[in-house]
Amino acid sequence: MAMTPLEELRHSAAHMLATAVLRLWPDARLDIGPPTETGFYYDFDLKHRFTEEDFAKIEAEMAKVAKEDQPFVRKEVTREEAKKWFESRGQTFKVGRLADIPEGEPITFYTNGDFTDLCAGTHVKSTGQVKAFKLLSVAGAYHRGDEKNAQLQRLYGTAFTKREELETYLKQLEEAKLRDHRKLGKELDLFLIDDEVGPGLVLWTPNGAIVRQEMQKFLSEELAKRGYEQVFTPHIGRLGLYRTSGHFPYYRESQYPPLVDGETLEQMAKEKCTCADLSNRISKGEIEGYLLKPMNCPMHIRIYASRPRSYRDLPVRLAEFGTVYRWEQSGELNGMTRVRGFTQDDAHIFCTEEQVAKEVEGCLEMVRLVLDTLGINEFRVRVGLRDPASDKYVGAKELWDKAEKAVKEAAKKLEVKTSEEPGEAAFYGPKIDFVVKDVIGREWQLGTVQVDYNLPERFGLTYTGSDNAKHRPVMIHRAPFGSLERFTGVLIEHFRGAFPVWLAPEQARFLPVNEQMIAYADKLAADFKAAGLRVTVDAKGDKLGAQIRRGQLDKVPFLLVCGNREAEAGQVAVRSREKGDEGAQAAAAVKDRIVELVKNRR
RNA sequence: GCCGGCUUAGCUCAGUGGUAGAGCAGCGGUUUUGUAAACCGCUGGUCGUCGGUUCAAAUCCGACAGCCGGCUCCA
């Protein structure tokens, strides 16, 4: 468990934070304070509620500790000594943490000044070395990450070896906020989440709708090339369908409650039934209802099952931009990246067991194509497997073993680093997820490929083999974008709102330098539109400088200045988002250039 | 869902118990403009919602909603 020098520094800063807090609030109980990827935190339990107003005071105390230049002293102690030490000080969390240390392992204390912590180390030599630090936020955090336990107060901070590095990091944080898709989405009028419509429900405004349309068009072309067939299915379906799939019993708390018809509700009201009765009778299947679909697969399965299938038909690949609804906890909602209604670029492949490997490979290739096309090259690949201790999965162990084997082998062939993570599987099967980070470092799952032996079993799916016997197909669930909402949110941040030409809501804007030039600009705009481009004319009558400024802020890729000189020669003065002023060029050539960029999805 | 913070005009924000403000946007006018902001005027707000304290509440208290940062969760 060797720490990097930076981790040592931050870990030491965490101890100094605890030192300072104990000086200011001696009744504080301490839990743990490790370094993190970008800083450190320490968890406390105390009566006083930390607010950001306390930070200056705590930081000042930490600075004193630094000035005192207390050496960090390591001392090996016996379990008894450690227990007595913390018990006598009322540090019950520390006593609990002590019990985690396996017998035979050394138990060590680290002391700086009057503060002693149970700690495996390591640390810098003395507190004087930690000078560039800052507290950043306070948040609730459950003890041992379990919501059944007490909720502690977590103070987050960061530390660097040099003050300049800290300043740079803080500046980066500020800049990241400017890239936040929630801010840019508002500024560029891409989407809206309206309180009256409902939390977590995205309204795609015209600009955002263009981005989404282009992405769907892109994917639709790829689907056609790869032998997929597109389908449409409704937003609700009978509860029975989701009982069969397992969604209703297994993930009931993550769904909007079932819809029950008016007559039944009235009848139940007459019988003076309580909500609990209603809920009970729905669970028992005594009342039929409908569910807002949490996933598309059951409906695609019913399409597959709608007629006999031969091995010659396989693989059957059914695709849909299917909108699903999930009851995410209120505290989880986040802009477009975590919502309650979203559209998956979903597809389900029904194939033979022999075909699984090749099909999974094809899916992974498609995910890579999507990420490559959009220039997203910072992602990690997670192989989600069963949590052996959990009962939240459907299906037999043997089927899971087969599916996990298939997924692991497919992942091995990917030319990127993958990490196997138990507990990250879907309830019906293991999966390969592509995970990216947003501007503030939070991870989001985008594309996913999942192998499923269970739902075909639950729905009794079959195909007729060459031996004229019935066989069970295997299902592959896959979504290269994952959800269009989340993907778009990530894309907005990735491009800082400056979408490549093919995705840009407005691809070019004509800027007439005076009133007479509006007619010329209009004529060119009509010509560009006829070529399939999205263009506008800025006819507000401002000076060119103001038009340019507006165009830049709107992140239009091409600003085309129309002045008297250009009009005479059939030209426009090009100002591109990337290169700036490119001078006067033939309008027709500029049109061709933009059309070409769009064609190549650049 | 939990802990903490926040919510004032379309947007960004000022306003600490005494008659709601600015900039930008919008609208009207003047200007006809050459590579990141022309000028003048006007419109626009039950200060998130509901309740309480007070002679008086954007401001103090409470409940609820939404948002933000974490935690938990995430098929």
Side-chain angles (χ1 to χ4, degrees), chain A residues 41 43 45 49-54 136-156 177 180 182-183 186-187 189 193-196 198-200 242 245-247 250-255 293-298 324 326-335 337-340 344 384 392-394 423-429 431 433 440 442-445 448 450 452 454-455 477 479 486 511-518 540-553 559-566 573-575 580-584:
Chain A
Y41 66 81
D43 285 346
D45 183 39
R49 296 279 143 193
F50 291 129
T51 67
E52 299 199 4
E53 277 150 36
D54 296 325
L136 296 174
S137 63
V138 52
Y142 299 107
H143 175 53
R144 295 181 186 276
D146 188 335
E147 60 183 326
K148 288 185 211 80
N149 290 343
Q151 189 163 47
L152 311 176
Q153 300 186 69
R154 176 172 297 178
L155 289 173
Y156 281 96
K177 278 188 203 148
D180 191 309
R182 292 166 296 191
K183 185 174 165 65
K186 206 179 273 181
E187 284 171 9
D189 201 1
I193 295 174
D194 183 303
D195 207 8
E196 290 201 32
Y242 297 100
S245 68
H247 288 94
Y250 282 85
Y251 283 93
R252 186 164 174 182
E253 70 286 353
S254 308
Q255 291 157 185
K293 67 177 172 187
M295 284 187 74
N296 301 303
C297 27
V324 298
R326 298 178 189 180
W327 186 260
E328 304 290 359
Q329 298 190 81
S330 57
E332 279 308 332
L333 299 176
N334 187 78
T337 47
R338 189 78 185 267
V339 293
R340 285 189 174 152
Q344 298 178 309
K392 63 175 187 176
Y393 305 103
V394 298
E424 291 293 332
F427 80 89
Y428 47 73
K431 53 186 192 149
D433 293 329
I440 30 188
R442 290 184 288 211
E443 288 200 319
W444 301 102
Q445 175 202 315
T448 182
Q450 314 171 352
D452 177 8
N454 283 311
L455 292 184
H477 309 238
R486 179 175 288 178
L511 310 181
V513 300
N514 58 46
E515 217 166 54
Q516 296 79 50
M517 284 300 111
I518 292 177
K540 288 168 95 139
D542 283 306
K543 296 212 299 198
L544 184 59
Q547 294 178 305
I548 297 275
R549 179 181 148 80
R550 205 156 39 231
Q552 296 276 8
L553 290 176
L559 297 175
L560 306 174
V561 177
C562 303
N564 301 59
R565 293 197 297 271
E566 287 81 13
V574 177
R575 185 183 172 111
D581 193 348
E582 295 183 20

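Order of the sequence lines sets the chain letters (A, B, ...), proteins ahead of strands, with each chain counted from 1.
- As a whole-Å value, the separation of Asn334(A) CG from C71(B) P is 12 Å.
- Counting only heavy atoms from C-beta on, Ser330(A) has its side chain closest to G1(B) among U33(B), G1(B), G69(B).
- Proximity note for Pro294(A) (side chain, C-beta onward) versus C73(B), G34(B), A75(B): the nearest is A75(B).
- Within the nucleic acid shown, Gly580(A) has no heavy atom closer than 4.0 Å to any nucleic acid atom.
- Rounded to whole Å, the separation between the C1' atoms of G23(B) and C61(B) comes to 34 Å.
- In this structure, the CG atom of Asp180(A) is 12 Å from the P atom of U12(B), given to the nearest Å.
- The same atom, C1', is picked in G45(B) and in A22(B); the two are 14 Å apart, to the nearest Å.
- The C1' atoms of A58(B) and C13(B) are separated by 15 Å, rounded to the nearest whole Å.
- Taking the charged nitrogens against the carboxylate oxygens, Asp180(A) and Arg182(A) do have a contact shorter than 4.0 Å, which makes a salt bridge.
- The side-chain heavy atoms of Lys148(A) and Tyr142(A), taken from C-beta on, include no pair separated by under 4.5 Å.
- Taking the side chain as every heavy atom from C-beta outward, Pro294(A) and Tyr251(A) never approach each other to under 4.5 Å.
- Close to G69(B), at under 4.0 Å from its OP1 or OP2, lies a side-chain N or O of Arg442(A).
- Proximity of Asn296(A) to the phosphate of A75(B): no side-chain N or O atom is located under 4.0 Å from OP1 or OP2.
- Nucleotide A57(B) forms a pair with no other nucleotide shown, judged by Watson-Crick or G-U wobble geometry with both contacts under 3.5 Å.
- Contact annotation: Lys148(A) side-chain N/O to G1(B) OP1/OP2 distance is not under 4.0 Å.
- A salt bridge does not link Lys540(A) with Asp542(A): every distance from a Lys NZ or Arg NE/NH1/NH2 to an Asp or Glu carboxylate oxygen is 4.0 Å or more.
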Any chance you could lay out the side-chain hydrogen bond (donor to acceptor under 3.5 Å, both in side chains) test for Gln344(A) and Asn296(A), step after step, and finish with the verdict?
CA-CA 9 Å; Gln344(A) 298 178 309; Asn296(A) 301 303; 3.2 Å; yes
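- One finds no side-chain N or O of Lys177(A) lying less than 4.0 angstrom from the OP1 or OP2 phosphate oxygen of C68(B).
- In this structure, of C74(B), G4(B), U32(B), it is C74(B) that holds the atom nearest to the side chain of Lys392(A).
- At a threshold of 4.0 angstrom between heavy atoms, the contacts of Ala425(A) are confined to the sugar-phosphate backbone, with no base atom among them.
- The number of heavy atoms from other shown groups lying within 6.0 Å of CD (Glu253(A)) is above 12.
- The same atom, P, is picked in G70(B) and in C64(B); the two are 24 Å apart, to the nearest Å.
- Inter-residue side-chain proximity for Gln153(A) and Asp43(A) is flagged as unmet; no heavy-atom pair is nearer than 4.5 Å.
- For C74(B), the base has no donor-acceptor partner in the side chain of Glu328(A) [N/O atoms by modelled type, under 3.5 angstrom].
- C67(B) and G52(B): their P atoms are spaced 28 Å apart (whole Å).
- Taking every side-chain heavy atom of Gln552(A) into account, A36(B) is the closest of U12(B), A36(B), G4(B).
- Between C73(B) and Arg338(A), no contact under 4.0 Å exists linking OP1 or OP2 to a side-chain N or O.
- Taking the nucleotide of RNA chain B with the nearest heavy atom to each of Pro199(A) and Trp327(A), the more 5' of the two is matched to Pro199(A).
- Atom P of nucleotide C24(B) and atom CG of Asp189(A) are separated by 21 Å, given to the nearest angstrom.
- The shortest distance between the side-chain N/O atoms of Lys540(A) and the OP1/OP2 oxygens of G26(B) is below 4.0 Å.
- Contacts of Asn564(A) with the nucleic acid, taken as non-hydrogen atoms under 4.0 Å apart, include base atoms.
- Pair assignment for C39(B) gives G29(B), based on Watson-Crick or G-U wobble hydrogen-bonding distances that are each under 3.5 Å.
- Here C3(B) is the nucleotide among C3(B), A75(B), U35(B) with the atom lying nearest to any side-chain atom of Gln151(A).
- Nucleic acid contact class of Ala139(A) (heavy atoms, under 4.0 Å, all strands): base.
- By the criterion of a centre-to-centre distance under 5.5 Å and near-parallel planes under 30°, the ring of Phe427(A) forms no stack with the base of A75(B).
- Closest approach to the Asn514(A) side chain among C71(B), A75(B), U32(B) is made by U32(B) (side chain taken as heavy atoms from C-beta onward).
- Residue contacts shown for Arg575(A) include a base, since a base heavy atom lies under 4.0 Å away.
- The distance from atom CG of Asp194(A) to atom P of C67(B) is 11 Å, rounded to the nearest whole Å.
- Among the heavy atoms of the strands lying under 4.0 Å from Glu566(A) is at least one base atom, whether or not backbone atoms are also near.
- Residues Tyr393(A) and Tyr428(A) place their aromatic rings such that the two centres sit no closer than 6.0 Å.
- Comparing Ile193(A) and Lys431(A) along RNA chain B, the residue whose closest nucleotide (by nearest heavy atom) sits nearer the 5' end is Ile193(A).
- In this structure, the nucleotide among C74(B), U32(B), A75(B) sitting nearest to the side chain of His247(A) is A75(B).
- Pair assignment for U49(B): A63(B), on the basis of Watson-Crick or G-U wobble contacts that are both within less than 3.5 Å.
- The pair Lys431(A)-Glu424(A) does not count as a salt bridge, with every side-chain nitrogen at least 4.0 angstrom from each carboxylate oxygen.
- The partner of G4(B) is C68(B), judged by Watson-Crick or G-U wobble contacts that both fall below 3.5 Å.
- Among the atoms of the strands shown, none is found under 4.0 Å from any heavy atom of Tyr41(A).
- Here C71(B) is the nucleotide among A75(B), C71(B), U32(B) with the atom lying nearest to any side-chain atom of Tyr156(A).
- Here the nucleotide nearest the side chain of Tyr251(A), chosen from A38(B), G34(B), A75(B), is A75(B).
- Rounded to an integer number of Å, the gap from CG of Leu559(A) to C1' of G34(B) is 14 Å.
- At a threshold of 4.0 angstrom between heavy atoms, the contacts of Ile440(A) are confined to the sugar-phosphate backbone, with no base atom among them.
- Both distances falling under 3.5 Å, in either a Watson-Crick or a G-U wobble arrangement, occur for no nucleotide opposite A20(B).
- The side chain of Arg49(A) has C3(B) as its nearest neighbour among A75(B), C3(B), A37(B).
- Within the 4.0 Å cut-off from OP1 or OP2 of C74(B), not a single side-chain nitrogen or oxygen of Ser254(A) is found.
- If you take atom P in G66(B) and the same atom in C73(B), they sit 22 Å apart, rounded to whole Å.
- For the P atom pair drawn from U12(B) and A25(B), the interatomic distance equals 15 Å after rounding to whole Å.
- Taking atom P on both U16(B) and G4(B), the two are 26 Å apart, rounded to the nearest angstrom.
- Taking only distance into account, the side chain of Tyr142(A) meets the base of G1(B) through a donor-acceptor pair shorter than 3.5 Å.
- Note that CG of Asp452(A) and SG of Cys297(A) are 7.5 Å apart. Values are rounded to the nearest 0.5 Å.
- Contact annotation: Arg182(A) side-chain N/O to G69(B) OP1/OP2 distance is under 4.0 Å.
- Nucleic acid contact for Gly331(A): base, since at least one base atom lies under 4.0 Å from a heavy atom of the residue.
- One interatomic measurement links the two molecules: CG of Asp195(A) to C1' of C68(B), which rounds to 14 Å at whole-angstrom precision.
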